[in-house]
Q: 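Got a structure here, written out as structure tokens. Questions coming.
Every value quoted in this text rests on a predicted model; they were computed, and no experiment measured them. We number each residue from 1, following the sequence as shown. Computation of the quantities below employed the complete heavy-atom set of this structure, encompassing side-chain atoms and omitting hydrogens, waters and symmetry-equivalent molecules.
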Amino acid sequence: MVSKIYGADWVVPVASAPLRDAVVAIEAGRIAFVGPAAQLPGHLRDEKIDWTKGVITPGLVNAHTHLQYTGFDALGRGQYRGFEDWSVAFEAHYHTDRDASEWGKAAARGAKLGLASGTTVFSEIITSDEARGAIAAAQASGIEYLEVIAETTRSWANGGRAELINWLDDRATIATGISPHAPYNLDPSVVGDLVELARSRDLRLHTHLGESALEEAFYLTGDPAVLFIYGDLRDEYHLVQQKGSGLKTAAYADSVGLLGECTHIAHGVYFDRCQRDLLRERNTRVALCPRSNAVIGLAEAPVAAYLAEGHDIAVGTDSLASTPSLDLMADVKALARIAHDQGYRENDLWRRVMQAATRGGARALGMAEKGYGALVAGGPADLAFFAIDVADGNVERALVEQGEGQCVLTIAQGHIVHDSRKQMG
Ligand SMILES: [Zn+2]
């Protein structure tokens with residue numbers, strides 16, 4: 001059997017406590033052993049160990065991204081005054097002339113950028129079919145959530161639904177999910193149908209929720225401001241005609257069946273305690289995207305509150321249309337900074353935000369039981385190596401503070417998919 005053993009100053013299995021001077025053995029694409037070299041099983045004891053200075057972690061889980069927008073990087077280097085301001089810039093970019101094959105090329109580039117910074121699992125939203133398949137082609141894992149956006153009851157009946165069914169029936173290279181873009185641009189009957197379709201096909205759901213400051217007024221009173229880019233179509237929306245549901249964002253999402261263990265949401269910026277509690281009661285996980293929120297000009301998400309209230313958070317980069325890089329460790333660092341600024345003082349901060357980028361993300365995608373987001377014997381051989389110094393023995397803090405830009409080796413499903421150690425000399 002082909003085997004390979006990697007060692008480092010530290011190994012952070014996430015599922016168990018960090019280990020000093022430890023090794024991870026890989027056999028046939030799976031992890032065979034995690035622990036001190038002296039305890040390697042007999043048949044592996046004579047193998048050469050490939051030592052790297054630094055820290056080995058599980059492959060990271062990017063719980064929210066749109067890799068097809070990797071070519072929109074000029075947008076992500078900008079600064080906007082809120083979701084609506086950013087949407088105008090995005091729409092203008094989206095409607096510029098391009099060959100459809102560009103989406104596939106951009107997604108492939110994005111997957112490579114993610115892998116080069118330690119991500120091996122992606123929660124990927126697919127808007128254009130050409131972007132589908134990029135994750136598997138890059139030897140990464142995850143879920144491709146097929147996106148449904150801007151559908152009223154009428155448009156859904158007049159072809160929207162049939163189109164999605166065809167798309168879902170198309171051959172997939174990795175697991176497929178459904179992404180109702182956001183409940184404000186989909187009529188309640190459409191969201192309900194999507195939830196039902198997901199349930200009947202055993203698919204997971206992923207949606208944007210609590211991202212726009214204007215969203216809540218739409219659900220409460222039918223205020224159409226959040227729909228301003230949809231032109232005349234907005235007057236057709238059920239909630240506009242009904243003058244709202246009287247419910248705040250999370251309660252409205254719950255009322256149309258969207259919350260539950262099989263759904264994870266992106267952003268969760270504009271939620272009060274009551275709404276956060278409802279998410280937790282429904283086991284709906286939140287993928288926080290702090291750098292994207294900052295570029296778009298949103299408020300900072302209540303990270304400290306999510307942590308203090310016991311949420312099992314995840315973290316995502318979002319796309320290069322709203323963030324300067326696909327390096328998930330930069331968002332991990334931002335989460336820790338925001339939580340600290342908001343008054344979070346528990347010393348589990350670094351462990352919790354590292355969990356968000358690994359096990360928390362894997363749970364948000366329903367992939368934790370298969371061993372993703374952790375280094376466990378029998379689990380997938382997804383590893384990331386960070387060339388960092390751990391001066392004070394707090395390896396998780398060192399990862400959070402220094403991990404950005406320091407991934408030197410990434411292994412996905414047992415394959416080396418990124419290795420910059422040679423250039424380091
Ligand atoms: Zn997004």
Side-chain angles (χ1 to χ4, degrees), residues 26 28-30 58-71 99-149 163-181 194 197-198 200-207 262-264 266 287 314 316-320 326 328 361-373 379-384 410-418:
I26 296 173
R30 324 253 355 140
L60 307 179
V61 181
N62 187 340
H64 180 68
T65 190
H66 313 240
L67 297 177
Q68 77 174 83
Y69 299 133
T70 298
D99 190 279
S101 66
E102 284 301 313
W103 298 127
K105 290 178 198 157
R109 278 203 312 280
K112 279 215 172 70
L113 288 170
L115 288 167
S117 46
T119 297
T120 59
V121 180
F122 296 86
S123 172
E124 161 73 341
I125 295 188
I126 303 283
T127 308
S128 309
D129 186 56
E130 292 79 7
R132 211 175 175 193
I135 292 169
Q139 297 186 300
S141 305
I143 298 178
E144 289 179 334
Y145 291 93
L146 307 186
E147 187 175 54
V148 179
I149 185 165
E163 209 177 298
L164 176 69
I165 299 287
N166 282 336
W167 208 13
L168 287 170
D169 288 342
D170 236 21
R171 205 147 53 93
T173 51
I174 58 169
T176 299
I178 299 177
S179 177
H181 172 267
L194 292 172
L197 276 169
S200 67
R201 290 172 177 245
D202 201 18
L203 305 177
R204 297 188 71 87
L205 292 153
H206 181 36
T207 190
C262 292
T263 300
H264 83 286
T317 56
D318 215 337
S319 78
L320 284 193
L326 294 174
L328 193 68
R363 280 191 287 255
L365 276 79
M367 293 174 70
E369 311 88 77
K370 292 182 191 138
Y372 287 94
D382 279 20
L383 284 70
T410 309
I411 294 172
Q413 303 179 70
H415 305 284
I416 294 178
V417 288
H418 162 72

Q: Examine distances only and state if a side-chain atom of Arg204 and a backbone atom of Tyr145 form a donor-acceptor pair shorter than 3.5 Å.
A: no
Q: Between atom CG of Leu365 and atom NZ of Lys370, what is the distance when rounded to the nearest 0.5 Å?
A: 10.0 Å
Q: Given side chains that start at C-beta, do those of Ile135 and Thr173 come closer than 4.5 Å, heavy atoms only?
A: no
Q: Taking all heavy atoms of Ile26 and all of Ala381, pick out the closest pair and write down the distance.
A: CG2-CB, 3.7 Å
Q: Go through the steps to decide whether Ile125 and His64 satisfy the test side-chain contact (heavy atoms from CB on, under 4.5 Å), and finish with yes or no.
A: CA-CA 8 Å; Ile125 295 188; His64 180 68; 3.5 Å; yes
Q: Given side chains that start at C-beta, do those of Leu67 and Leu113 come closer than 4.5 Å, heavy atoms only?
A: no
Q: Indicate the atoms forming the closest heavy-atom contact of Phe122 with Ala111, along with that distance.
A: CZ-O, 3.8 Å
Q: Less than 4.5 Å apart, any side-chain heavy atom of Ile416 and any of Ile411?
A: yes
Q: Do the side chains of Leu168 and Ile178 get nearer than 4.5 Å, heavy atoms only?
A: yes
Q: If you look only at pairs with a residue in residues 108-120, which of them pass as a side chain to side chain donor-acceptor pair (under 3.5 Å), with sequence neighbours excluded?
A: Thr120-Asp382
Q: Is a side-chain donor or acceptor of Gln68 paired with a backbone partner of Ser128 at a separation under 3.5 angstrom?
A: yes
Q: Among all residues two or more places apart in sequence or in another chain, which pass the ring pair (Phe, Tyr, Trp, His ring centres under 6.0 Å) test with His418?
A: none
Q: Check the orientation of His264 and His206. Use parallel for under 30°, tilted for 30 to 60°, and perpendicular for over 60°.
A: parallel
Q: Count the heavy atoms of every other residue, nucleotide or ligand shown that sit under 6.0 Å from CG of Asp202, and state whether that count exceeds 12.
A: no
Q: CG of Leu383 to OG1 of Thr410: how many Å apart, nearest 0.5 Å?
A: 9.5 Å
Q: So among Leu164, Ile165, Asp169, which one has a side chain to side chain contact (heavy atoms under 4.5 Å, CB included) with Trp167?
A: Leu164
Q: List the atom of Ala368, the atom of Arg363, and the distance in Å for their closest heavy-atom pair.
A: CB-CG, 3.5 Å
Q: Look up atom CD in Glu124 and atom OG in Ser319, then write down how far apart they are to the nearest 0.5 Å.
A: 9.5 Å
Q: Do side-chain atoms of Glu130 reach the backbone of Trp103 as a donor and acceptor pair under 3.5 angstrom?
A: no
Q: Under 3.5 Å, is there a donor-acceptor pair between the Glu147 and Thr127 side chains?
A: yes
Q: Below 4.5 Å, heavy atoms only, C-beta onward: do Arg132 and Asp170 meet side chain to side chain?
A: yes
Q: Would you name the heavy atoms of Ala134 and Ala108 that are closest together and state the gap between them?
A: CB-N, 3.9 Å
Q: Hey, what do you get for CG (Leu60) to OG1 (Thr317), rounding to the nearest 0.5 Å?
A: 11.0 Å
Q: If I compare all heavy atoms of Ala136 with all of Ile174, which pair ends up nearest, and what's the gap?
A: CB-CG2, 3.7 Å
Q: Taking the side chain as everything from C-beta on, heavy atoms only, tell me whether Ile126 gets closer than 4.5 Å to Thr176.
A: no
Q: At their closest point, which heavy atom of Val121 faces which heavy atom of Gly142, and how far apart are they?
A: CG1-CA, 3.9 Å
Q: Holding to side chain to side chain contact (heavy atoms under 4.5 Å, CB included), I want the full list of residues that pass it with Arg30, two or more places apart in sequence or in another chain.
A: Pro380
